Structures are given as structure tokens and as C-alpha cells.
Amino acid sequence: MEEKAITAEQMRHYDSFTINTIGVPSLVLMERAALAVRDEILNAYPLNLGHVVVVAGSGNNGGDGLDVARLLHIAGVKVTILNVGNPDHASEEHRVQDHICQYYQIPQTTDLAILDQATLVVDALFGIGIDRVVKGDYAAAIDAINASDAVVIAVDMPSGINTDTGEVMGTAVKADVTVTFAFNKVGLTTDAGKEYAGRVAIADDMGTYAVDD
Ligand SMILES: NC(=O)C1=CN([C@@H]2O[C@H](COP(=O)(O)OP(=O)(O)OC[C@H]3O[C@@H](n4cnc5c(N)ncnc54)[C@H](O)[C@@H]3O)[C@@H](O)[C@H]2O)[C@H](O)CC1
Ligand SMILES: [K+]
């Protein structure tokens, strides 16, 4: 039976139903998402965890990334957070996750040069919220990730790939693995999406309720 693949709108509908109707707090879903990424990194296959660089945008995909950074840090992995974008635009959940990372004193930088030290990159720039062509600092960060020789694990979507069509929105991260939440995404079933996603791992025990079933 063909595996279910959904659109960004469907995912947002499931998320808001789970959070607002059923009552599962957004941060609980974020933690479940981050635990799935952590498990993929720690358990799925031998990786060089010498220095993990989490590239975080300012939305909830970035929030997931900060959550993953904390989980890896408390597992004893050397982690640096590379923040991209305007922190003043940070989502509420992103601020909470950043506060937690500050408490754990996880090193943070905005300098792309840190990618030269990365053995593994966690791509948490954009997920299903991408809605326009990638430019400026974000495009520079994506190109720097692609230029590094680190293994790349994408959170939810390879950043820059359109969730619904798979098209490259100007530039996109070429990931080795993409851990996508709840269900596969339509964009990851297209040729372009597959090329940029690498192996797609579906974190299907997220706690997200698929309300249209
Ligand atoms: N159950 C779940 O699936 C959960 C998923 N989560 C994660 O949340 C993201 C979606 O988060 P959101 O804040 O809506 O969007 P993004 O983080 O993907 O994007 C951030 C922000 O960026 C802006 N933007 C869009 N395109 C561009 C662009 N080309 N240049 C600059 N800025 C851009 C736009 O305003 C977006 O809002 C999902 O992918 C999961 O990772 C939740 O964490 C928990 C549960
Ligand atoms: K991403």
C-alpha cells in the first residue's frame, strides 16, 4: 500500500488540531520531534559525532534544532549552534528552546566558518514553513552546508525544498538523511525532493493526530 504523503497545509492542520483541540502542548510535540532526530543520530548508523553543528533558523524548525542540540549535549556530544536569521523574529517555542540551551551553556555562533569543524551538520533552518525563495544569509548558510564535507541530517525537510512540490526554492540543503515528522511529505516523493532529502526516515510516533482520517 502506497505510503501516505501529506502537504504542509495538512501537517499544520494536524498540528493545530493536536495542540488546540486535543490539548497536547506544542513544546511536547517539539520534544517528541527532537527525540526522533536524536535517536536517528545516536542509534541509526555509525556517525562521526566529533563535532556536531546545529544550523538553526528562527522558526519552529530552528526550535527543533535547538532541542536536538540540547539532547545531544546532555548525551555528551560536542555541539555548537550556528544561528541564522533575525533572532528578533524567533517563535515562542524557539525562545524557550534557546533559553534552555543558554542554561546548558551550549556554544552558539553566527559565524559560518564553524562549519569547517563540523563532522555532522543538523539542518534546522527551515521545515514546512518555507514560503518563498531563499536569499541572503539563509542562502549563504545553505551553500556553506553543501560545501562542507560533513554528513548532513535534515530536520523535517531539507531546507530550501518546497514541502508540497519538491522544487528547489533558489537553493537547498543536500542532506544524507531527512527525519520528517508524522508522515512523509508530498515534496519528498518527487525526483527533486528525493535528490535533496537523501534517505527519508519518517518519525511516525510523534503524537500528531491525523484528523482527516
Ligand atoms: N508535529 C510536527 O510536525 C511538529 C513540527 N514542528 C516543526 O515546526 C516546523 C514548522 O515551523 P514554522 O515556524 O512554521 O516554519 P519554519 O521553521 O519551517 O520556517 C521559519 C519561518 O521562516 C520564514 N520563511 C519562510 N521561507 C523563508 C525564506 N525563503 N527566507 C526567509 N524566511 C523564510 C517563515 O516566516 C517561517 O515561519 C516544522 O517543519 C517542524 O520542524 C514543531 O516543532 C513541533 C511539531
Ligand atoms: K530543515
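Since the model is a prediction, treat every value here as computed from it, not as a measurement.
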Which atom names give the shortest non-hydrogen contact between [X] and [Y], and what distance separates them?
| X | Y | answer |
| --- | --- | --- |
| Val79 | His73 | CG2-N, 4.0 Å |
| Leu71 | Ile74 | O-CG1, 3.3 Å |
| Ile130 | Asn162 | CG2-CA, 4.3 Å |
| Glu195 | Lys174 | O-NZ, 3.3 Å |
| Ala144 | Leu112 | CB-CD1, 4.2 Å |
| Asn60 | Glu93 | OD1-OE1, 3.2 Å |

Exam field: side chain [X] to backbone [Y], donor-acceptor pair closer than 3.5 Å:
| X | Y | value |
| --- | --- | --- |
| Arg199 | Thr178 | no |
| His94 | Asn61 | no |
| Asp137 | Val84 | no |
| Asp176 | Val152 | yes |

Within a reach of under 6.0 Å around [atom1] of [X], are more than 12 heavy atoms found that belong to other residues, nucleotides or ligands?
| X | atom1 | result |
| --- | --- | --- |
| Asn86 | CG | yes |
| Asn43 | CG | yes |
| Phe17 | CZ | yes |
| Glu9 | CD | no |

Checklist entry - Would Leu115 and Leu82 satisfy side-chain contact (heavy atoms from CB on, under 4.5 Å), going step by step from the backbone distance to the final call? => result CA-CA 8 Å; Leu115 289 167; Leu82 171 60; 3.9 Å; yes

Does the side chain of [Y] come within less than 4.5 Å of [X]'s, by heavy atoms?
| X | Y | answer |
| --- | --- | --- |
| Glu40 | Val177 | yes |
| Ile153 | Ile41 | yes |
| Phe181 | Asp64 | yes |
| Thr80 | Thr109 | yes |
| Glu3 | Ile202 | yes |

Scan side-chain atoms only and decide if [X] and [Y] contain a donor-acceptor pair under the 3.5 Å cut-off.
| X | Y | answer |
| --- | --- | --- |
| Asp123 | Ser159 | yes |
| Asp143 | Thr171 | yes |
| Asp98 | Gln108 | yes |

In the single-linkage hydrophobic clustering (I, L, V, M, F, W, Y; side-chain heavy atoms under 4.5 Å), do [X] and [Y] co-cluster?
| X | Y | result |
| --- | --- | --- |
| Val55 | Val52 | no |
| Tyr138 | Leu66 | no |
| Val168 | Leu125 | no |
| Ile145 | Leu49 | no |
| Ile114 | Val68 | no |

Item to check | Among Thr163, Thr180, Thr190, the one residue meeting side-chain hydrogen bond (donor to acceptor under 3.5 Å, both in side chains) with Lys185 | outcome: Thr180

Checklist entry - Between Arg12 and Asp15, is the closest basic N to carboxylate O distance under 4.0 Å? => result no

Checklist entry - Run the side-chain contact (heavy atoms from CB on, under 4.5 Å) check on Lys194 and Leu188 step by step: do they pass? => result CA-CA 5 Å; Lys194 282 179 184 162; Leu188 298 182; over 6 Å; no

Item to check | salt bridge (charged side-chain N to carboxylate O under 4.0 Å, His left out) evaluation trace for Glu31 with Arg38 | outcome: CA-CA 10 Å; Glu31 195 74 9; Arg38 179 205 62 179; over 6 Å; no

Item to check | Passing option when Ser26 is tested against Ile19, Val96, Thr18 for side chain to side chain contact (heavy atoms under 4.5 Å, CB included) | outcome: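 Exactly one pass, corresponding to Ile19.
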
Checklist entry - Between Val200 and Asn184, does a side-chain contact (heavy atoms from CB on, under 4.5 Å) hold up when you go through it step by step? => result CA-CA 8 Å; Val200 176; Asn184 199 4; 3.8 Å; yes

Item to check | Gap separating the CZ atom of Arg32 from the CG atom of Asp205, nearest 0.5 angstrom | outcome: 6.0 Å

Item to check | Audit row: Val134, Phe126, side-chain contact (heavy atoms from CB on, under 4.5 Å) steps and yes/no | outcome: CA-CA 10 Å; Val134 180; Phe126 303 115; 4.0 Å; yes

